[in-house]
Novice: 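Quick one: structure below, then a few questions.
Sequence positions, counted from 1, serve as the residue numbers for this chain.
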Amino acid sequence: MSVAVSSTVSSLISAQSRTFLARQPRSRALHDRALRSLAGGATSSWQIAAPQPVWLSHGAGSQVYDVDGTGYVDLHGGYGVSIVGHAHPAVVAAIRERAGRGTHFAQPTEDAIVVAEELSRRFSQPLWRFANSGTEATMDTVHLMRAVTGRDLILKVEGCYHGHHDSVQVSVLPDADEVGPAERPAASAANTGIPQAIRDLVIVVGFNDLDAVRRALVEHPGQIAGMILEPVMMNAGIITPLPGYLDGLRELLHAHGALLAFDEVKTGLTAGPGGATALYGVTPDLVCLAKALGGGVPVAAIGGSSDVMGAIADGRYEQVGTFNGNPLAMATARAVLTEVLTADAYARLGALTARIADGVRAAVDGCGWQVVTVGAKGCLTFAPEPPRNYRDFLRVDGDLSHAHWLVQHNNGVFLPPWGKSEQWLISVQHSEADVDRFVANVGLFVRALGAAGE
């Protein structure tokens with residue numbers, strides 16, 4: 001970015017930040033109060049973003065409302081959770097009915113069977129278990145790969161986020177000076193408190209790089225348990241797999257006695273009814289789901305082949321948790337899968353995605369930016385070419401991303417605050433008018449950049 005353009009973007013961010021703060025005095029008051037009892041003034045570190053956290057009151061349909069009474073078209077979607085929108089009648093009915101009959105027994109209910117059967121149909125995995133978050137699902141998946149193969153090392157893609165357990169807190173969002181050489185990315189710790197001994201068990205490879213995987217397997221014969229990756233990277237905007245990449249991974253890993261695990265926490269149910277697994281026609285040994293599955297209620301799932309999940313069935317690996325298969329979570333997941341995310345719903349989501357993508361492309365024509373969509377998710381990437389791996393993503397302009405987020409927010413569209421890394425999510429309750437507002441705001445953003453530079 002040139003000095004002149006950088007100055008223009010900085011001016012726009014300053015002006016929009018002032019507008020942002022002026023609109024949300026109640027959020028500021030709650031933030032100041034929260035600092036006295038909540039560490040950092042929020043319930044998750046990823047809720048803390050400049051110029052201040054947004055405190056919400058409620059959601060209805062495609063809208064969310066902040067504590068200052070302002071409504072927004074919600075394209076944040078709770079980081080990929082809210083594909084059903086807010087207070088969907090089928091989900092509300094399921095919660096109400098289940099709450100009236102008890103919400104926890106630490107024993108299975110019939111809904112768990114229905115959910116597992118439907119997931120088996122969608123993802124072509126015969127056996128399932130449940131957990132409570134994406135972190136738990138990927139943790140069990142890594143444990144299973146090691147338990148089944150008797151090996152300790154795992155392969156992980158540079159820049160992929162798989163939750164916050166130790167084994168995957170490696171090379172999540174490394175800075176440019178931390179990544180190491182492209183052919184051998186550094187296993188940099190993604191957080192404090194991650195021992196070197198854990199990092200030594202993780203081999204980092206680039207996305208869309210089959211040669212790196214092949215080299216790692218040859219250099220560590222009989223030592224690699226498997227590879228976990230997002231089939232579509234969604235911790236770096238949206239980065240899609242090149243043709244043959246996912247197929248090639250499965251073939252390479254199996255040839256060396258290693259397993260393939262898809263982290264579909266973000267893509268599962270949003271990329272399509274069977275996630276990226278069905279979209280790309282590659283069935284891994286294990287798949288992790290969470291987020292959209294519960295319709296706003298915490299739930300996760302691990303599905304896999306009979307050979308791998310058999311380790312749970314025969315007791316070689318104990319997959320446990322007091323709240324696993326919680327009746328409330330199973331009731332909502334059943335409603336989401338059988339009543340809300342139907343074939344008609346996906347057809348409508350596809351039409352809205354096409355509308356928003358076409359509109360944004362027209363609005364940014366000539367700007368040299370990219371519009372990428374997968375299923376109900378999409379992003380505006382401020383780079384001249386679509387990223388193919390994390391290192392390409394590092395060149396995406398973070399300041400433009402933040403300025404765009406502020407303009408959208410100040411004009412009635414709520415997006416994830418980590419704009420460069422995240423995506424929009426369209427729900428089954430969004431309308432054409434909702435996506436048109438986002439498109440109109442993109443046009444406003446382009447014009448605001450021009451005005452700020454004059």
Novice: Checking side-chain polar atoms at under 3.5 Å, does Ser44 have a donor or acceptor matched by the opposite partner on Gln47?
Specialist: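 No pair is found: no donor N or O on one side chain lies under 3.5 Å from an acceptor on the other.
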Novice: Under the criterion side chain to side chain contact (heavy atoms under 4.5 Å, CB included), I'd like the reasoning laid out for Thr138 against Ile228: C-alpha separation, chi angles, the key distance, then a yes or no.
Specialist: CA-CA 8 Å; Thr138 63; Ile228 184 169; 3.9 Å; yes
Novice: Going by heavy atoms in the side chains, are His104 and Phe323 under 4.5 Å from each other?
Specialist: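 They are in side-chain contact.
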Novice: Look only at the side chain of Arg146 and the backbone of Arg151, and say whether a donor-acceptor pair between them is shorter than 3.5 Å.
Specialist: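 Checking the backbone N and O of Arg151 against the side chain of Arg146, no donor-acceptor pair under 3.5 Å is found.
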Novice: Would you say His430's side chain and Ser427's backbone share a donor-acceptor pair under 3.5 angstrom?
Specialist: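 Yes; judged by distance alone, with no hydrogens or angles, the pair exists.
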Novice: With rounding to the nearest 0.5 angstrom, report the CG to CZ distance, Asp209 to Arg391.
Specialist: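 Answer rounded to 0.5 Å: 10.0 Å.
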Novice: Is there a side-chain contact between Thr267 and Met234 in this structure, where contact means two heavy atoms from C-beta onward sitting under 4.5 Å apart?
Specialist: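 In contact.
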Novice: Please report the closest heavy-atom contact between Ala311 and Leu144, naming both atoms and the distance.
Specialist: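 Minimum heavy-atom separation between Ala311 and Leu144: CB-CD2, 4.2 Å.
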Novice: Please answer whether the main-chain N or O of Val428 pairs with a side-chain N or O of Arg348 as donor and acceptor at a distance below 3.5 Å.
Specialist: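 Yes: the side chain of Arg348 pairs with the backbone of Val428.
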Novice: Got a second to check how far Met145's CE is from Leu155's CG, nearest 0.5 Å?
Specialist: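 Spacing of CE (Met145) from CG (Leu155) equals 8.5 Å.
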Novice: Taking all non-hydrogen atoms of both residues into account, name the closest pair between Cys160 and Met233 and its distance.
Specialist: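 Shortest heavy-atom separation between Cys160 and Met233 comes out as SG-CG, 3.8 Å.
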Novice: Please tell me if the side chains of Leu246 and Phe262 come closer than 4.5 Å, counting only heavy atoms from C-beta onward.
Specialist: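 Yes, side chains in contact.
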Novice: What's the spacing between Ser167 OG and Ile198 CD1 if we round to 0.5 Å?
Specialist: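 Rounded to the nearest 0.5 Å, the OG-CD1 separation comes to 5.5 Å.
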Novice: So, Asp434 and Arg437, do they make that salt bridge, N to O below 4.0 Å?
Specialist: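 Between Arg437 and Asp434 there is no salt bridge, as every charged N stays at least 4.0 Å from the carboxylate O atoms.
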Novice: Can we say Arg355 and Glu432 salt-bridge, meaning some charged N sits less than 4.0 Å from an Asp/Glu carboxylate O?
Specialist: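 Between Glu432 and Arg355 there is a salt bridge, with a charged N closer than 4.0 Å to a carboxylate O.
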Novice: State whether a side-chain donor-acceptor pair under 3.5 Å links His165 with Gln169.
Specialist: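 No - no donor-acceptor pair under 3.5 Å links their side chains.
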Novice: Does Gln223 use its side chain to pair, donor to acceptor, with the backbone of Leu153 at less than 3.5 Å?
Specialist: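 Checked: no pair found.
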Novice: Which pair of non-hydrogen atoms, one from Ile203 and one from Ala216, has the smallest distance, and what is that distance?
Specialist: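 That closest heavy-atom pairing would be CG2-CB, 4.1 Å.
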Novice: Using modelled atom types and a 3.5 Å cut-off, is there a donor and acceptor pairing between side-chain atoms of Lys156 and backbone atoms of Val204?
Specialist: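 Flag not set: sc Lys156 to bb Val204 has no pair under 3.5 Å.
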Novice: To the nearest 0.5 angstrom, please state how far the CZ atom of Arg250 sits from the CE atom of Met227.
Specialist: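 Reported to 0.5 Å precision, the distance equals 14.0 Å.
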Novice: Can you tell if the side chain of Ile238 reaches within under 4.5 Å of the side chain of Thr373, non-hydrogen atoms only?
Specialist: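 No, every pair of side-chain atoms sits at 4.5 Å or beyond.
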Novice: Short question: side chain of Thr353, backbone of Gly375 - any donor-acceptor pair under 3.5 Å?
Specialist: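 Flag set: sc Thr353 to bb Gly375 pair under 3.5 Å.
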Novice: Is the backbone of Ile302 close enough, under 3.5 Å, to the side chain of Arg129 for a donor and an acceptor to pair up by distance?
Specialist: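 The answer is no, because no donor-acceptor pair under 3.5 Å joins these two groups.
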Novice: Please test Tyr161 against Lys266 for side chain to side chain contact (heavy atoms under 4.5 Å, CB included), starting from the C-alpha separation and ending with a verdict.
Specialist: CA-CA 10 Å; Tyr161 176 72; Lys266 281 195 166 185; over 6 Å; no
Novice: Please report the interatomic distance CD1(Ile113) to OG(Ser120), rounded to the nearest 0.5 Å.
Specialist: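 Spacing of CD1 (Ile113) from OG (Ser120) equals 11.5 Å.
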Novice: Would you mind checking if Glu118 and Arg122 are paired as a salt bridge, meaning a charged N to carboxylate O distance below 4.0 Å?
Specialist: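 A salt bridge links Arg122 with Glu118.
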Novice: Within the 3.5 Å criterion, strictly below it, is a donor on Trp369 or Thr381 matched to an acceptor on the partner's side chain?
Specialist: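 No pair is found: no donor N or O on one side chain lies under 3.5 Å from an acceptor on the other.
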Novice: Where do Pro416 and Glu422 come nearest, in terms of heavy atoms and distance?
Specialist: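 Here Pro416 and Glu422 meet closest at CB-CB, 3.5 Å.
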Novice: Determine, stepwise, if the pair Tyr346 / Leu269 fulfils side chain to side chain contact (heavy atoms under 4.5 Å, CB included).
Specialist: CA-CA 10 Å; Tyr346 280 106; Leu269 303 181; 3.8 Å; yes
Novice: Do Asn132 and Asn326 meet the criterion of a side-chain donor-acceptor pair at a distance under 3.5 Å?
Specialist: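 The criterion, which ignores hydrogens and geometry beyond distance, is not satisfied for Asn326 and Asn132.
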Novice: If you count heavy atoms of other groups shown closer than 6.0 angstrom to CD of Glu178, is the number above 12?
Specialist: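 Yes, enclosed.
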Novice: Taking the side chain as every heavy atom from C-beta outward, state whether Asp74 and His86 have any atom pair closer than 4.5 Å.
Specialist: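 Touching, per the 4.5 Å side-chain cut-off.
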Novice: Kindly say whether Ala137 contributes a backbone atom to a donor-acceptor pair with the side chain of Thr141 at under 3.5 angstrom?
Specialist: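 Checking the backbone N and O of Ala137 against the side chain of Thr141, a donor-acceptor pair under 3.5 Å is found.
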Novice: Name the residue from Asp166, Val202, Val168 that meets the side chain to side chain contact (heavy atoms under 4.5 Å, CB included) definition with Ile194.
Specialist: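 For Ile194, the side chain to side chain contact (heavy atoms under 4.5 Å, CB included) check succeeds only for Asp166.
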Novice: Give a yes or no on whether a salt bridge exists between Arg184 and Glu219, defined as a side-chain N under 4.0 angstrom from a carboxylate O.
Specialist: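 Here Arg184 pairs with Glu219 in a salt bridge, since their nearest N and O are under 4.0 Å apart.
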Novice: A quick test of your reading: do over 12 heavy atoms of other residues, nucleotides or ligands sit less than 6.0 Å from CD of Gln196?
Specialist: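 Check passes, neighbour count above 12.
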Novice: Could you check whether any side-chain heavy atom of Phe130 comes within less than 4.5 Å of a side-chain heavy atom of Met330, counting everything from C-beta outward?
Specialist: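 Yes, side chains in contact.
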Novice: Output, in order, the C-alpha distance, side-chain angles, deciding distance and verdict of salt bridge (charged side-chain N to carboxylate O under 4.0 Å, His left out) for Arg101 and Glu97.
Specialist: CA-CA 7 Å; Arg101 297 195 295 127; Glu97 193 276 337; 2.6 Å; yes
Novice: For residues 278-301, which side-chain N or O atoms pair as donor and acceptor with protein atoms under 3.5 Å away, sequence neighbours left out?
Specialist:
from: Asp285; atom 1: OD1; to: His254; atom 2: NE2; distance (Å): 3.2
from: Asp285; atom 1: OD2; to: His254; atom 2: NE2; distance (Å): 2.8
from: Asp285; atom 1: OD2; to: Leu260; atom 2: N; distance (Å): 2.8
from: Lys291; atom 1: NZ; to: Tyr79; atom 2: O; distance (Å): 3.3

Novice: Taking all non-hydrogen atoms of both residues into account, name the closest pair between Pro174 and Val172 and its distance.
Specialist: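 Shortest heavy-atom contact: CD-C, 3.4 Å.
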Novice: Answer yes or no: is there a side-chain heavy-atom contact under 4.5 Å between Leu394 and Val179?
Specialist: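 Sidechains of Val179 and Leu394: in contact.
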Novice: Give me the one residue out of Trp405, Trp46, Phe438, Phe414 that meets ring pair (Phe, Tyr, Trp, His ring centres under 6.0 Å) with His76.
Specialist: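 That would be Phe414.
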Novice: Just by modelled atom types, is the Gln24 backbone N or O under 3.5 Å from a matching donor or acceptor in the Gln52 side chain?
Specialist: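 A pair under 3.5 Å: yes.
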Novice: Side chains of His164 and Asn191: any donor to acceptor distance under 3.5 Å?
Specialist: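 The answer is no; no qualifying pair exists.
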Novice: Would you compute the distance between atom CD of Gln125 and atom OG1 of Thr277 and round it to the nearest 0.5 angstrom?
Specialist: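 Gln125 CD to Thr277 OG1: 7.0 Å, rounded to 0.5 Å.
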Novice: Could you tell me whether a side-chain N or O of Arg395 sits under 3.5 Å from a main-chain N or O of Ala383, the two making a donor and an acceptor?
Specialist: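 Judged by distance alone, no pair lies under 3.5 Å.
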Novice: Above 12 or not: heavy atoms from other molecules or residues under 6.0 Å from CZ of Arg316?
Specialist: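 Yes, enclosed.
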Novice: Taking only residues at least two apart or on different chains, which pairs with a member in residues 329-343 satisfy side chain to side chain donor-acceptor pair (under 3.5 Å)?
Specialist: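 For residues 329-343, and leaving out neighbouring residues, the side chain to side chain donor-acceptor pair (under 3.5 Å) pairs sorted by first residue read Asp111-Arg334.
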Novice: Walk me through whether Glu230 and His162 qualify under side chain to side chain contact (heavy atoms under 4.5 Å, CB included).
Specialist: CA-CA 8 Å; Glu230 295 178 289; His162 302 294; 4.1 Å; yes
Novice: Measure across Val340 and Val84 and return the closest heavy-atom pair with its distance rounded to 0.1 Å.
Specialist: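 It is CG1-CG1, 3.7 Å.
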Novice: Would you check if Phe20 and Val54 make a side-chain contact, meaning some heavy-atom pair closer than 4.5 Å?
Specialist: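 Yes. Closest side-chain heavy atoms under 4.5 Å.
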Novice: Pairs in or reaching into residues 185-209: which pass ring-ring contact (aromatic ring centres under 6.0 Å, His included), with residues at least two apart or in two chains?
Specialist: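 Residue pairs passing ring-ring contact (aromatic ring centres under 6.0 Å, His included), neighbours aside: Phe207-Tyr245.
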